[in-house]
Every structure is written in structure tokens, then in C-alpha cells.
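Structure first, commentary second.
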Amino acid sequence: MTALTTKELVRLVIDGNPMAVGRAISILADRRAGALELLGELYRYEIKGKVIGITGAPGAGKSTLVDSLIKAYRAQGRRVGVVAVDPSSPFTGGAILGDRLRMQRHATDPDVFVRSLASRGELGGLGPATAEAARVLGLAGFDPVLIETVGVGQAEIEVMGVADLVLLLVVPGNGDEVQCLKAGIMEIGDLFVVNKADRDGADRLMGEIESLLRLAGRGDEVSARIRRTVATTGDGVTELIDGLDALYCAYESDGNLARRRRSHQARQIKAHLVRELTLRFFDFDEKTQFLSRAVDSLSAGEGDPVTLGRAIIDEFVRWSQGEEDGAKSETHA
Amino acid sequence: MRRIRILIAKPGLDGHDRGAKFVARALRDAGAEVIYTGIRQSPKAIAHAAVQEDVDFVGLSCLSGAHNRLFPEVIELLKEMGAGHMVVFGGGIIPHKDWPFLESAGISRIFGPGATVDEMVGMITKMAPDGSRLQPPAE
Amino acid sequence: MRPSRTKWETGTLKKAHDGVAERESEFKTPSGLPIDRIYTPDENSCPDYEEKLGYPGEFPFTRGVQPTMYRGRWWTMRQYAGFGDAAESNRRYRYLLDQGQTGLSIAFDLPTQVGLDSDDPMSAGEVGKVGVAVDTLADFEILFDQIPLERVTTSMTCNSTAMVLLAMYVALARKRGIHPTVLRGTIQNDILKEYVARGTYIFPPKPSMRLIVDTFAWCSDNIPNWNTISISGYHLREAGCTAVQEVAFTLADGIAYVEAAIAAGLDVDTFGRRLAFFFDVHNNFLEEIAKFRAARRMWANIMRHRFGAKDPRSWMLRFHSQTAGSSLTAQQPDNNAVRVAIQTLAAVLGGTQSLHTNSRDEALGLPTEDSVRLALRTQQIVAYESGVGDTIDPLGGSWVIESLTDQIEVEAVKLIENVDKIGGMVAAIENGYVQKQIQDSAYSAQIAVDRGQMKIVGMNCFVASDEPEIPIQEIDPRTEERQVSSLAELKKTRDSSVVAQALKDVRAAAEGSANLFDPVLRAVTVYATMGEICGVLRDVFGEYREEVVL
């Protein structure tokens with residue numbers, strides 16, 4: 001695997017070679033040698049398959065639903081990829097990636113690929129690794145690719161930046177009645193799924209979601225956007241798939257999909273931009289120690305964070321310019 | 001410098017997962033990214049999971065005595081799938097007299113009863129692939 | 001003397017004496033001092049004695065479930081055994097019976113426990129390893145060869161496949177012309193702990209409970225002396241929980257089973273007195289004795305007040321116990337014999353009805369004949385030489401024992417209340433509460449051992465530099481091969497159309513609500529295999545899949 005060129009690796013990924021797919025995801029996730037080249041190569045291909053984000057609070061049954069979805073998609077002859085994200089420990093940096101356990105029965109099916117990723121400190125739980133892993137799976141011919149998020153913090157928002165469709169899972173009796181009212185939730189989900197729908201309160205929860213949609217002036221979308229499932233039995237899952245397919249088709253024709261993908265791309269560039277800038281800044285600061293000196297000033301009672309911060313940025317810009325000039329003169333020399 | 005990824009699996013029908021779960025948790029606390037497959041896994045399911053997850057290490061736990069049959073099978077399958085580089089270690093109830101056989105089949109290390117987390121972490125540190133570490137320095 | 005004591009002696013105790021004479025007409029210590037049947041506080045002290053302690057054989061049974069306990073009859077010395085094929089296991093059973101064991105305890109291999117035949121791909125490497133391989137009634141015929149079913153009590157450790165194996169036992173008895181009503185024994189049949197600690201589940205909780213309740217009902221009507229369930233705490237404890245959690249979750253499991261049976265229309269007093277329990281006996285001597293006493297008192301209250309059972313026999317927590325496997329070390333294995341002796345004493349002082357003692361080499365593998373004999377001798381020495389069985393509940397009244405008994409009860413009741421709040425054990429298992437409780441305890445305990453804070457002699461302290469190789473029991477490597485070929489042979493000789501019909505009937509019953517026992521009994525009688533019968537049930541009921549990680 002290490003002796004392959006990037007182009008050879010990508011060829012194997014397209015062929016669906018599992019070792020190659022797994023390795024490609026790792027190279028990108030770890031930013032190993034050759035990662036940028038691989039990324040460039042991946043972007044030469046148009047990925048047609050759909051990416052579906054699955055989000056919801058812990059205990060909503062995301063993994064079980066994904067497992068059920070895999071079974072139902074397979075029954076339709078479709079190849080399914082899964083990226084399952086779990087949080088890294090803030091203390092040790094390690095992680096238990098436990099979603100796979102609930103989907104292990106598909107492990108020997110060559111038309112299913114499950115990859116677990118740790119959030120690795122990303123605030124929203126989804127770093128660039130998630131989108132890139134989804135792209136690799138898309139290239140390998142998996143359609144749909146399901147992304148299962150961490151389910152806490154900003155994950156619901158983050159997944160919007162990666163998925164074509166977002167499925168928001170809620171459960172009766174989980175306090176989700178209140179969750180639904182959380183600002184912005186209605187904007188995040190494309191499809192709202194009440195799981196564990198055999199429980200008390202399921203009807204009421206569906207009713208609440210319906211009301212919220214109506215309040216937002218989207219009353220005509222109710223039948224397209226709400227589903228109920230019992231993931232443990234598979235009840236309602238086929239209807240859910242139909243709902244997802246229908247919505248995707250609608251988005252394709254009304255331009256929603258194109259808009260979304262454009263916004264993903266913007267988001268991705270922005271994210272890398274910020275990352276890159278940050279790395280360069282810390283490179284600068286390591287050499288110049290401006291940040292540390294600013295902290296000393298502030299501790300000594302001199303200056304304020306805003307003014308100090310601005311001064312550092314001015315220094316950074318000057319320094320970057322100097323670096324660039326230096327590099328130019330080097331190439332001339 | 002990247003993190004180490006480890007698959008912990010229970011091949012065969014043995015359902016005693018206390019040890020496997022303990023190891024998974026301990027290795028997470030040592031900084032690894034650990035994927036646990038659950039009990040009742042066929043060697044094929046374990047190999048496929050290891051490949052999809054592109055792990056560095058595979059830990060197999062078996063307390064039923066089926067290790068001589070099942071552990072080498074996992075290793076063979078890994079080799080077939082191009083994952084022969086993965087370091088495979090074992091634990092559970094594995095009599096000493098079986099250790100040479102398993103080692104010749106490709107098991108890098110067997111952790112007997114009384115083995116400590118430190119010993120396991122030591123092995124992983126020693127055998128970690130280039131560029132990886134249990135606790136890589138923060139970016 | 002307390003008036004209540006006189007009442008007990010002239011009532012419950014006298015009735016017991018009409019049934020079983022005590023071992024001696026009078027009991028004395030070696031120096032001639034008399035040993036009383038039971039020691040009680042004098043009438044002016046301990047005002048809550050009757051309410052909290054009472055008398056053996058009477059509510060709340062804190063001091064014991066039988067009025068004469070070991071003065072009348074020793075606990076059953078029942079060593080778990082089984083490995084390889086039926087013929088090998090049969091030899092071991094006959095050896096143990098010859099050596100003085102008083103009941104059989106059958107260990108089945110993993111394929112048998114999870115409803116797979118020896119030739120199933122997932123059975124590879126597992127056949128005959130942790131117990132005997134049983135594919136059909138033919139294996140049972142060999143397993144119990146020359147063993148008089150009408151005279152031994154047989155305990156079978158099977159859970160998801162309990163109905164099938166009990167059906168085989170009944171079918172065998174019938175073939176031998178033995179009337180089912182004389183059969184005595186136990187099936188473990190406790191599926192809830194499988195999901196949480198042992199892992200030999202097959203079907204999801206609901207259909208599993210149905211199988212259990214069907215078995216209760218069939219046995220009530222047909223083998224009334226059979227213990228239909230052994231509600232187990234042993235495995236939860238081995239999975240790493242504490243003594244308090246062991247009591248709480250075991251009794252909570254019991255509550256779930258009683259509720260399921262009542263919901264199915266069974267009368268609580270009919271099946272209630274056939275419920276049995278199975279506990280661990282761990283290292284902390286005082287805590288373990290107190291644990292058993294607390295469990296008895298709690299269950300008596302649960303059955304009487306929570307479920308309204310009227311028959312005092314339904315209030316009795318009868319239990320089998322096993323010395324803790326997890327306390328054994330591979331290092332310096334002889335130390336294990338000492339551990340087991342102390343644990344045996346704790347079980348006896350705790351009032352166990354039946355006991356399995358581990359062999360010293362069990363941390364290494366299945367026990368050899370010599371080690372098994374020593375384990376059995378341990379029980380016999382405690383029984384015949386130590387004198388602790390000559391008085392009932394000898395540690396009753398000890399300040400530490402009564403305090404621990406009370407505390408364990410208080411804490412365990414709290415945990416049961418938590419489980420109730422979640423909606424019962426099935427719900428608590430589905431949402432991971434029980435697993436998390438156990439795993440957290442297990443994790444802290446292991447870390448403590450790892451760091452040397454929890455001392456284990458020979459392992460993390462007083463370590464020996466040289467460890468001699470201890471011989472361990474070998475499983476014949478050709479067992480799997482032999483079993484697979486005899487299964488193939490049997491399939492050729494049996495009447496396949498009769499088998500097919502029998503399996504169809506099992507399916508029909510499973511899809512409906514009729515009691516499954518009779519169709520399963522018919523199927524095993526015509527030599528349908530374990531895998532075939534469970535295959536049908538898997539098809540109808542689905543398979544349980546593990547949900548909770550860490």
C-alpha cells in the first residue's frame with residue numbers, strides 16, 4: 001500500500017478495493033505525506049452519490065437507525081457507505097468509536113463500508129476528515145453515504161456543511177419536545193424522524209414538529225418532511241428511504257442541491273483558510289513570541305486585549321510580507 | 001505525528017467481554033482511537049472491519065479455548081486483504097503451551113492473566129508504525 | 001426464652017422434624033460443649049429481632065430458608081462439569097457421583113448454548129470446549145448413560161436454549177419409562193443476565209421472556225418438582241459489579257420474570273416456589289455472608305408485599321452458589337485452593353442450598369480430575385470436619401454481620417428503585433443503565449488491581465519468580481470432527497419427513513401464542529437438531545444484537 005502512487009491509489013479506490021479506500025481515508029484524516037496530492041486527485045472527479053447526515057441527541061438511536069437503513073438500502077441493491085463520528089476524549093485525546101458495533105452484521109458485505117472517525121478536538125465534532133472520507137466513499141461507488149454525527153454540541157450545524165440532506169432524529173420522552181423549540185433546529189433538518197415511535201408520546205411529538213413547520217410557514221411540506229420509525233424492528237425505514245429519495249429529487253430539480261453544494265464548497269474553503277491562517281500565525285508566533293509578550297503586558301496592567309491583538313496582527317502581516325519578499329529574493333538569487 | 005488506531009474484537013461464540021471492554025477503555029485512556037466490534041464475530045467480519053478502519057493493531061480476546069482455530073484465521077484473512085502489516089495481539093484464556101503455535105501463526109504478543117495496562121501500552125509504543133504515537137503532541 | 005422462639009419450635013420446626021430427622025440426636029463440640037440449634041437474643045433484648053431476623057424457615061428467612069438447615073441435610077455438593085463429547089462428560093459425571101457428589105451440573109459448549117449445531121460455521125473451534133456438545137437427543141442418551149434420572153438432581157446451565165435442552169431431558173426420561181413427576185433439577189433459563197454479562201443470548205428480550213414463561217407453565221403442569229429458573233447474580237458479579245449491585249440486579253431480574261409470568265396469566269404461588277437463585281461467593285468473607293442474608297430478607301418482602309404471594313414457599317429465596325472464578329489467579333495456583341476454602345465457608349455460613357467450588361487450575365483452563373476432586377473435598381471438609389453446619393446461621397447476631405446485612409439491603413433497595421424508575425430490568429438493559437453500572441465497577445476494580453491498590457496474593461504482591469507448569473485438562477482435538485460426523489450419520493438415519501413436520505409445528509406455535517414446549521418436545525423426540533429448532537425460532541423471533549458499547 002505504501003509503494004503506490006497517488007494515481008494508483010485512486011484507481012484502486014474507484015475499483016472499490018477496501019484496503020485502498022480505508023487507507024485513502026486515513027491519509028487524508030491524518031494529513032499524512034501525500035495527503036494534499038490525494039485531495040487534489042479526488043477533486044478531479046465528480047461525485048454523483050448523495051450524502052445524508054444523520055444527527056440527533058445521544059440515545060436517539062442513530063446507530064440503530066443507520067444499521068436499519070443499511071439493511072433496507074441493501075435490499076434495494078444499493079451500496080452504502082457510512083462515516084460514523086464519535087468524540088475524542090478532551091483529556092487523553094483517545095476515543096472509543098462505538099457506532100460500528102451496531103452495524104457489524106454488515107461487516108462481510110462488500111457493498112457496505114463503515115468507517116469510524118474520532119472528532120479529534122473539532123468543536124462541532126466534524127472536521128474536514130468527515131467530508132473528505134465521504135468523498136472517498138463516494139468515489140468508491142457508495143451511494144448513499146451516511147454520516148452519523150456525534151450528536152452533541154454544534155454537530156447538527158456542522159453536518160449541514162457536509163451533507164446534501166440532513167435527517168434529524170428525535171425520540172419521544174427524551175425531552176425532545178423541548179429540544180425542538182431550540183432556536184434553529186427547524187432550519188437544520190431536511191427530514192425529521194421520530195424514532196422509537198412505538199413509545200408513548202410519539203404522536204404528540206410528531207404533532208409538535210408539524211406545528212413548528214406550520215409556524216415557520218412550511219405547512220405544505222409536512223408530509224414530505226416528517227417520518228416515524230422503530231429502528232430496532234425496521235418499521236418505517238423503507239418509507240424513510242422513499243422520503244429521502246423524494247426530497248433529494250426535489251432538491252435536484254429546484255436548485256436546492258446545487259445551492260447547498262456550493263455553500264459546502266464555500267464552507268470547506270473557508271475552513272481550510274482559517275486553518276491555514278491559524279497555522280501560519282502560530283508558526284510566526286513561535287518565532288517571534290509576540291503573543292507571549294502581549295500576555296505579559298496585559299498581566300502587568302498595560303494595554304487591553306483588542307489593541308494588543310490588533311498590534312500583533314499588524315506585525316504578522318508585516319512579517320508575512322517580509323517572508324514573501326525573502327522567498328522571492330531567494331528564488332532570484 | 002498521528003494517533004494510533006486499534007481494533008478490539010471477540011472472535012467466536014465466547015460472550016465474556018469484561019476483559020475486552022476493559023482493554024478498550026484503558027487504551028482509549030492511553031490516547032488510542034479504539035474500535036470495539038462486540039462479541040460473536042466471525043474471523044471474516046473482524047478482518048473486514050480492520051481493513052475498513054485501517055487500524056494499526058488488532059486485539060483478539062477469546063476465553064472459550066477456540067483461539068488456536070480462530071486467531072490464525074484472522075491473520076490469514078488480513079494477509080489476503082493486503083493488511084498483513086497490522087500487528088495482531090491476543091488475550092483471554094490462552095494456555096502457555098499454545099503461545100508458540102500462535103506466535104508462529106503471526107500473533108505478535110499474548111497477554112496472559114496478570115498482564116497490566118502498562119505492559120500493553122509498552123508493546124503498542126514499541127510496535128507503533130512510523131509517524132504514529134499514542135499521545136502525539138498537540139498541533 | 002423469647003416467646004417467638006417457643007412458637008417456632010412447636011410449629012415450623014416440629015413440622016420440619018416430621019419430615020427430616022436431624023443428622024444427630026444431639027450436637028456437641030469436640031470438647032463436649034453443647035451446640036444449640038440456633039442462638040437467639042434473650043427475650044428482653046433486640047426488639048426488632050422477629051421483624052428483621054426471625055427464624056429459619058419463616059418469613060423473612062434472613063437466617064435461612066429451611067427450619068433445620070444443615071442439621072437436617074447438607075447443601076447439595078454440585079460441581080459444574082462437562083466438556084468434549086457426551087461420552088467423555090458421562091465418564092466425568094459418573095466419577096463425580098462415585099466420589100460423593102450429590103447432584104449433577106451440566107456444562108454445555110458454546111454452540112449448544114447459542115442454538116447452533118456442531119457443524120455450523122460459527123461453531124468452528126468451539127465444539128466441546130467449554131462444555132459438552134449436544135446436537136440431538138442421541139447425545140443426551142450417551143450423556144446420561146448409566147445415570148439414574150429418577151434418583152439424581154440435574155442442573156443444566158442453558159439459557160436461550162433451556163427449553164430445548166429440558167425437552168431433551170424429558171424426552172430421555174420418557175424413553176426410559178420414567179414418569180416426569182419424579183424428575184428433579186434446575187435449568188438456568190435466565191436470559192436477562194445474558195444480555196448484560198454472559199453473552200449467550202439468541203433472541204430479543206420479548207420472545208425470550210415468552211419462552212421462559214412457556215417453560216414455567218409447562219413445568220408447573222408436568223414436572224412440578226423442577227426448578228424452572230435460576231436467577232443469576234454470579235455472572236453479573238463476574239462481569240465486575242459489586243456485592244450490592246449483584247443483589248440488586250439479580251432481584252430486579254427476578255421481579256421482571258415474576259411480572260412477565262403474572263402478565264401471562266400464571267398464578268404467582270404456582271410458579272413462585274420453583275424460582276431459584278444463583279449467586280457468586282467472592283473474597284470478602286463478611287460482606288458475602290451478609291449479602292446472602294440481605295438477599296433472602298429482600299426477596300421475601302418482594303414476593304409477599306410487592307406481588308402478594310400467599311404461599312410461604314414463594315417467599316423463600318433458595319440459592320445455588322459458586323465460588324468466584326474471577327478471584328482465581330494463574331500465578332501460584334495452589335493459592336486458589338485456599339481462596340476456595342474461605343469462599344466455601346462464606347457460602348455455608350451464608351446458608352446456601354447448593355454449592356460449586358472452583359478447582360485451583362481453573363484460571364488456566366478446564367480442571368483436571370485431581371483438581372476437581374480437591375474442590376469437592378473442600379466442601380466435604382467444611383461439612384464433616386468444621387462443625388459450622390451444626391448450628392443455624394452461626395454468625396447471626398454478630399454486630400458486623402447484622403450491620404452489613406442491613407446496609408446491603410438499604411443500598412440494594414435504592415438500586416432496585418432506580419431500575420423501577422426506568423421501567424424495570426428489560427428497559428434498564430435496553431437503555432444501558434445496568435451495563436454502565438457494571439462496567440464502571442469493573443473498570444475501577446481492574447485499575448485498582450493494576451495499580452496494586454487491590455492486593456491479590458501471588459499476582460501483584462508476594463509474587464514468585466518461578467512458576468512451575470501446571471498440567472491442564474486437554475480437550476481431545478478430534479472432538480469436533482467426531483461430533484460433526486456423528487451428526488451427519490444421525491441425519492441419514494432419522495426420518496426426515498417426520499422431522500420436517502415437527503419443525504413446521506414448532507414454527508406454527510412460535511408464530512402464534514400456544515405454549516412452545518410441547519412442539520419442541522415432539523421435535524427433539526424425533527431427533528430434530530438443536531440448530532434446526534433454534535433456526536426456526538431465529539427466523540420467527542429475530543436475533544438480538546448487542547447495542548451498548550462502553
Side-chain angles (χ1 to χ4, degrees), chain A residues 1-2 4 12 17-33 35 81-84 86-110 112-121 129 133 136-137 140 275 278-279 282, chain B residues 1-10 17 20-21 23-56 77-86 121 124 129-139:
Chain A
M1 205 44 53
T2 37
L4 293 170
L12 286 171
N17 177 299
M19 193 69 226
V21 174
R23 180 49 57 87
I25 295 177
S26 302
I27 291 173
L28 294 170
D30 298 333
R31 285 292 184 263
R32 297 187 196 181
V82 179
V83 182
D86 270 318
S88 300
S89 157
F91 307 110
T92 69
I96 301 274
L97 307 177
D99 299 319
R100 177 173 204 107
L101 180 134
R102 290 180 201 103
M103 309 168 204
Q104 250 309 83
R105 61 171 165 159
H106 305 284
T108 55
D109 184 342
V112 177
F113 195 108
V114 176
R115 175 61 175 245
S116 313
L117 291 178
S119 64
R120 291 186 180 173
V136 173
L137 291 175
R275 234 188 196 78
T278 312
L279 280 171
F282 281 115
Chain B
M1 193 55 58
R2 61 172 182 84
R3 283 204 184 265
I4 290 173
R5 284 168 64 94
I6 305 176
L7 187 80
I8 301 289
K10 287 196 63 67
D17 54 9
K21 285 181 171 177
V23 168
R25 206 162 150 172
L27 292 177
R28 183 270 311 267
D29 289 347
E33 292 175 352
V34 183
I35 298 121
Y36 173 57
T37 63
I39 65 169
R40 231 181 275 185
Q41 301 294 309
S42 66
K44 201 165 163 219
I46 295 173
H48 281 240
V51 164
Q52 291 177 12
E53 301 289 354
D54 193 20
V55 294
D56 305 301
L77 287 165
L78 285 172
K79 286 196 187 131
E80 271 169 39
M81 295 180 79
H85 61 281
M86 292 181 186
V121 167
I124 288 172
D130 287 336
S132 73
R133 251 179 73 179
L134 273 173
Q135 297 262 11
E139 242 164 72

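Every chain is numbered from 1 and lettered A, B, ... according to where its sequence line falls, protein lines coming before strand lines.
Side-chain contact between B:Leu7 and B:Met86 is absent, with no heavy-atom pair separated by less than 4.5 Å.
Of the two parts of B:Arg28, the backbone and the side chain both hold a non-hydrogen atom closer than 4.5 Å to a non-hydrogen atom of chain A. Heavy atoms of B:Gln135 lying under 4.5 Å from chain A belong exclusively to its side chain. In this structure, chain B has heavy atoms under 4.5 Å from both the backbone and the side chain of A:Val114. The parts of B:Ala49 that come within reach of chain A are both its backbone and its side chain, each placing non-hydrogen atoms under 4.5 angstrom from that chain. At a 4.5 Å heavy-atom cutoff, the contact between A:Ser116 and chain B is made by backbone and side-chain atoms alike. B:Arg5 touches chain A through its side chain: at least one heavy atom from C-beta onward sits under 4.5 Å away, while N, CA, C and O do not. Only the backbone of A:Val112 comes within contact range of chain B, judged by heavy atoms closer than 4.5 Å. Of the atoms belonging to A:Arg115, heavy atoms from both backbone and side chain fall under 4.5 Å from chain B. Contacts of A:Arg32 with chain B are made by side-chain atoms alone, with heavy-atom separations under 4.5 Å and no backbone atom involved.
Top candidate by heavy-atom pairs under 4.5 Å with chain B, chosen from A:Ala95, A:Ala107, A:Ser89, is A:Ala95. Of all the listed residues (B:Ala83, B:Ala45, B:Ser132, B:Ala47), the one sharing the greatest number of non-hydrogen pairs under 4.5 Å with chain A is B:Ala45.
Take B:Val23 and apply the side-chain contact (heavy atoms from CB on, under 4.5 Å) test, not counting sequence neighbours, and it matches B:Ile8, B:Leu27, B:Met120. The side-chain contact (heavy atoms from CB on, under 4.5 Å) search around A:Ala129 returns A:Ala29, A:Leu117, not counting sequence neighbours.
Distance check, rounded to the nearest 0.5 Å: CD of B:Glu53 to CZ of A:Phe113 gives 7.5 Å.
Between B:Arg3 and B:Asp56 no salt bridge is recorded (no basic side-chain N to carboxylate O distance below 4.0 Å).
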